[in-house]
Amino acid sequence: MNNEEQLGFGTRCLHVGQGPDPATGAAAPPIYQTSSYEFPDADTAAARYALEDEGNVYSRISNPTVRALERRLASIEGGVDALATASGMAALDAATLVLASAGDNVVCAASVYGGTHAYLSHTASRRGIEVRFVDTLDPAAYAEAIDEDTAYVHCETIANPALVTPPLEAIADVAHERNTPLFIDNTFGTPALCRPFEHGADIVWESTTKWIHGSGTTLGGVLVGDGSFPFDAHPEKYPEIAAPNPAFDGVTFTERFGDRALVAAARQRGARSLGDQQSPFDAWVTMQGVETLPLRMERHCENAMAVAEHLVEHPAVSRVDYPGLGTHETHDLASTYLEGGYGGMIAFGLEGGYDAAKRLCEDTEIATFLANIGDARTLVVHPASTTHAQLSEAEQRAAGVAPETVRLSVGIEDIEDVLADLDEAL
C-alpha cells in the first residue's frame, strides 16, 4: 500500500498486508499452508540461500500469510520490519540469540512478567548470559548496571503485574549514552496505547496472544525493529548483526539489510535455527484480531477504569493498582506515554491475604480463572501461586507481587455484570 505511513492507526490495522490476492483476487489474505516453495531456476535457489534474493524458501523462515501479519504489525508499532513468532517468549529468545552471547549481560527492570524473569534468570543464564535486575523506575540504577558487556536494556511499557510505567525516555537516554539498545515489551500497552519507538526504544516485542489477537485462542509473538540503533558502529559487540556472519559465508546483515538488519538476523539466525516461527493459520487468525484492536482497547480501558474506581471503595480490598487512578505512583508517567486509556489490567490486594486472593479466583463466574491476559473476556489469576510462583517471595515483591495480589484482565463485557461478579465473589 502506497504512503501507508500517512494513514491513521485504525486504518492501518485494517488495510496493511490485506489483499487483493494477485493470483485470485481474494479480498482476504490467503492462508498459504505450505512447508516450502518451488524455485524457478537453480540460480534463484542459490541466491535465496545466500540471502541475495528475499524470495520464499521454507516456511520456517518466511511465509506469505505470516509476512502479511508482519507488515501490519511493523506498521502499527511504527517499525521498519517485524518477525512473527510462535509466542511472545519466542520473540524475546530470537532477539536475545542475536544480541547476546556468553559473557554478556542484560540489564532488566525488576518488575517484569514472571516468564521473562525466569527466561533471563534460568534460560539465558545457561548460555552464559548474566541478568542484572534493577529498580524499574530509577534511570540511575540502569545506568549503574550497564557496562561494556551489556547486550540490551529491557523493561515493559506497563509492568506485569505491578502496572508501573517506567520513565522510558530517561532509560533510553542512559542506554544510548552507553551504546546499548533499549528493548521494550509492549504487550500491556499495545500499539493502540503506546508506541515505544516514539519514546526512545530501539526494539519492541509483544505477545500477540494477548490484546493484539484478543480472543484467547491463538498463541503468537512479534519482534519489531525501527532501525534506529547503530549496530554497524559496534561490530565487535553485535557480530551476528554487524560483522561478517560465518553462517552465511561472511554476509554482514547491516550491509545487506540496512535498517532491517536486526529483524533479518533474528529471522535467519533465530527463527531459522530454532524453529519458533508463527504458523500461517495462526498469523491469519491474528490478522483478524488486529482489525478490531483500537475498538477493543477503548472498551478494555473504559471498563478497567470503572472496575478500579469501584474496587477502591470496597471494604474487602486493601489496595488497587491501576495507572488511570490519580493515586497510582506512576500515573503521571502513564499519562505521558499512554494515549487513549490506561490499559485493561488491574492489580489489587485483599484484606484477607494470600488465601482470600486464591479463593476469589475460584469464586468468580464472569471472570475466568486462568493464566492469560488480554482476552475479550474478563480473566482473573493469583500471581503469587501461578505466574510468578517460580520467584522467591523477595523476588515476587520486587516485581510488584504481594501474597494478597489478584491480577484482573478486564474484558469488554457489560460493565454492570463484571462489577456484580466481583462484588459477589468478594
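Panel note: side chain T378, backbone V410; no donor-acceptor pair is recorded below 3.5 Å. T292 places no side-chain N or O within donor-acceptor distance of the main-chain N or O of L295, the cut-off being under 3.5 Å. Although no hydrogens or angles enter the test, the distance criterion places no donor-acceptor pair under 3.5 Å between the side chain of H213 and the main chain of T209. Side-chain N or O atoms of Y238 include none that pairs as donor or acceptor with a backbone N or O of L262 at under 3.5 Å.
Salt bridge status for D375 with R296: absent, with no side-chain N to carboxylate O gap under 4.0 Å. We find that R195 and E339 are joined by a salt bridge, their nearest charged nitrogen and carboxylate oxygen being less than 4.0 Å apart. The existence of a salt bridge linking K358 and E362 is excluded, since no basic side-chain nitrogen approaches an acidic carboxylate oxygen closer than 4.0 Å. With salt bridges taken as basic N to acidic carboxylate O contacts below 4.0 Å, one links R71 and E4.
Taking the six-membered ring where the residue is Trp, the centroids of H314 and F348 are separated by 6.0 Å or more. Aromatic ring centres of H117 and F133 lie closer together than 6.0 Å.
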- Query: Is there a salt bridge (Lys or Arg N to Asp or Glu O under 4.0 Å) between R299 and D414 once you walk through the steps?
  - Reply: CA-CA 10 Å; R299 181 64 171 263; D414 292 328; 3.7 Å; yes

- Can R67 and Y32 be said to form a side-chain contact (heavy atoms from CB on, under 4.5 Å), step by step? CA-CA 11 Å; R67 190 62 186 150; Y32 287 92; over 6 Å; no

- Task: Might you work through the salt bridge (Lys or Arg N to Asp or Glu O under 4.0 Å) test for R178 and E148, ending with a clear yes or no?
- Result: CA-CA 8 Å; R178 292 155 180 80; E148 62 183 10; over 6 Å; no

- Message: Before you tell me yes or no, could you show the steps for R72 and E291 under side-chain contact (heavy atoms from CB on, under 4.5 Å), namely the whole-Å CA-CA distance, both residues' side-chain angles and the distance that decides it to 0.1 Å?
- Response: CA-CA 10 Å; R72 183 171 297 183; E291 292 183 353; 3.7 Å; yes

- Task: Check step by step if salt bridge (Lys or Arg N to Asp or Glu O under 4.0 Å) holds for R12 and E77.
- Result: CA-CA 10 Å; R12 282 180 284 131; E77 288 280 9; over 6 Å; no

- Query: How far apart are the C-alpha atoms of D149 and R132, what are their side-chain angles, what is the distance that settles it, and do they pass the salt bridge (Lys or Arg N to Asp or Glu O under 4.0 Å) test?
  - Reply: CA-CA 12 Å; D149 295 319; R132 300 173 179 177; over 6 Å; no

- Message: Go through it in stages, so that I can follow the logic: the residues are L293 and F9, the test is side-chain contact (heavy atoms from CB on, under 4.5 Å), and I'd like the CA-CA distance, side-chain angles, deciding distance and then a yes or no.
- Response: CA-CA 10 Å; L293 176 63; F9 181 84; 4.2 Å; yes

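The shortest non-hydrogen separation linking S207 to T187 is N-OG1, 3.0 Å. Closest approach of G341 to L338, counting heavy atoms only: O-CB, 3.4 Å. Scanning all heavy atoms of the two residues, the minimum distance from L223 to A95 falls at CD1-CB, 3.8 Å. In terms of heavy atoms, V381 sits closest to L370 at CB-O, 3.7 Å. The two residues P166 and V164 have their closest heavy-atom pair at CD-O, 3.7 Å. In this structure, A357 and H382 approach most closely via the heavy-atom pair CB-CD2, 3.5 Å.
The residue from T330, L163, T190 that alone fulfils the side-chain contact (heavy atoms from CB on, under 4.5 Å) condition with I158 is L163.
Taking the six-membered ring where the residue is Trp, F257 and F253 present parallel rings, their angle staying beneath 30° rather than reaching 60°. Between F183 and W205, the ring planes are tilted. Angles from 30° to 60° get that label.
Using a 3.5 Å distance cut-off with no hydrogens or angles, the side chains of Y119 and D93 do pair a donor with an acceptor. Defined by atom type and a distance below 3.5 Å, a donor-acceptor pair is present between the side-chain atoms of T96 and Y152. Between the side chains of E413 and N303, no donor-acceptor pair of N or O atoms lies under 3.5 Å. N105 and T150 share a donor-acceptor pair across their side chains, judged by distance under 3.5 Å alone.
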